[in-house]
A.B. asks: 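Next up is a structure, given as structure tokens.
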2 protein chains.
Amino acid sequence: MLEHLSKLRKQQKWSLQETADQLGMAKSTYAGYESGYREPSLQSLSHIADLFETTVDFLIGRTDQEQDYIEITNLLEKPDAKISIDEKPLSADEIVDFVAFVRLKRSIKEKKI
Amino acid sequence: MLEHLSKLRKQQKWSLQETADQLGMAKSTYAGYESGYREPSLQSLSHIADLFETTVDFLIGRTDQEQDYIEITNLLEKPDAKISIDEKPLSADEIVDFVAFVRLKRSIKEKKI
DNA sequence: ACTTTTCGTATTCAATTCGCGTACCTTTTT
DNA sequence: AAAAAGGTACGCGAATTGAATACGAAAAGT
């Protein structure tokens, strides 16, 4: 559980102390979560997810999707069937086409063409 | 926390005992979660999310999005900026276009036009 | 109609776990 | 070299857990 925590903190280049301060807990407490020595309460876990702008499901390793929004261009590499229309998952082709479509539309709107 | 649990269980028309059995825990234990008397461990919570086919974030009320995939037509009513392309959230217009685009393409493919 | 089973709620209790302080060693900074 | 900061490990009191148990109400069975 919480294998991603250490990586997330280092991405932000925060120390254990800094992170614990932001969360309003003792350094040893937060360190315990990272090391797997302890588990946070649901409330603390929610605060941690807020701080790192991710989901609880990602923190506990239930999903590998880091954000709670979907960047569609990420789906180009591995279409994960995370989005659907009319209950039917988007195919890879549909995603490719749509990305092209929106990019074109945006570029027109910005008068770059 | 876990306000959704009772509703989810009743949707399935399961009793406390049935649900607890499926989760491999005592009835009183599961009942404690529903009533808010106790909090489950992260592992138990993950099992519960699996059983109800939802996310931990939904169970603890961190999001109101019940599934871990996004049905885009739901965003037509309340565009929640849950999806983005090139790091830029889709606008309401883009979502409308997207849906129309995919629907058209699908109907062509199915030779309905 | 009466009995039995099932349902949901509440309480008790031993065992576990939590959060924090503290100490310790290593690395970095001054 | 000294001081500060970073990371790890441990001990303790306090709080929480999970399960057993008990209870009245509702549902099902005879």
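Chain naming here is simple, since letters A, B, ... match the order of the sequence lines and numbering starts at 1 in each. What you see below is based on every heavy atom in this structure, not just the backbone, and it leaves out hydrogens, waters and symmetry mates.
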A.B. asks: Are more than 12 heavy atoms from other residues, nucleotides or ligands located less than 6.0 Å from atom CD of A:Gln11?
C.D. replies: yes
A.B. asks: Just how far is it from atom OG1 of B:Thr29 to atom OH of B:Tyr37, taken to the nearest 0.5 Å?
C.D. replies: 11.5 Å
A.B. asks: Show each protein N/O and nucleotides 25-29 of chain C N/O combination with a separation under 3.5 Å, one pair to a line.
C.D. replies:
none

A.B. asks: Please report the interatomic distance CZ(A:Arg62) to CG(B:Asp57), rounded to the nearest 0.5 Å.
C.D. replies: 9.0 Å
A.B. asks: With a 4.5 Å cut-off on side-chain heavy atoms, are B:Phe101 and B:Val96 touching?
C.D. replies: no
A.B. asks: Assess whether atom NZ of B:Lys13 is packed by more than 12 heavy atoms of other residues, nucleotides or ligands within 6.0 Å.
C.D. replies: no
A.B. asks: Should A:Thr55 and B:Thr55 count as side-chain neighbours, where that means a heavy-atom distance under 4.5 Å?
C.D. replies: no
A.B. asks: Before giving the answer on side-chain hydrogen bond (donor to acceptor under 3.5 Å, both in side chains), spell out for B:Thr73 and B:Glu71 the whole-Å C-alpha distance, their side-chain angles and the decisive distance to 0.1 Å.
C.D. replies: CA-CA 6 Å; B:Thr73 51; B:Glu71 168 58 52; 2.5 Å; yes
A.B. asks: Under 4.5 Å between any side-chain heavy atoms of A:Met1 and A:Leu59, yes or no?
C.D. replies: no
A.B. asks: Could you check which residues of residues 8-19 of chain A get a heavy atom under 4.0 Å from DNA chain C? Sort them by number, please.
C.D. replies: none
A.B. asks: Using side-chain heavy atoms (C-beta onward) and a distance below 4.5 Å, is A:Leu42 in contact with B:Leu2?
C.D. replies: yes
A.B. asks: For the side chain of A:Lys27 and the base of D:dG6, is some donor closer than 3.5 Å to an acceptor across the two?
C.D. replies: no
A.B. asks: Between A:Tyr30 and A:Trp14, is the ring centroid distance below 6.0 Å?
C.D. replies: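 They do not qualify: ring centres at least 6.0 Å apart.
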A.B. asks: Do any N or O atoms of the protein come closer than 3.5 Å to N or O atoms of nucleotides 17-21 of chain C, and which pairs are they?
C.D. replies:
unit_1 : atom_1 : unit_2  : atom_2 : d
C:dC18 : OP1    : A:Glu39 : N      : 3.1
C:dC18 : OP1    : A:Glu39 : O      : 3.1
C:dG19 : OP2    : A:Tyr33 : OH     : 2.7
C:dG19 : N7     : A:Arg38 : NE     : 2.9
C:dG19 : O6     : A:Arg38 : NH2    : 2.8
C:dC20 : OP2    : A:Ala26 : N      : 3.2
C:dC20 : OP2    : A:Thr29 : OG1    : 2.7
C:dG21 : N7     : A:Ser28 : OG     : 3.2
C:dG21 : O6     : A:Ser28 : OG     : 3.2

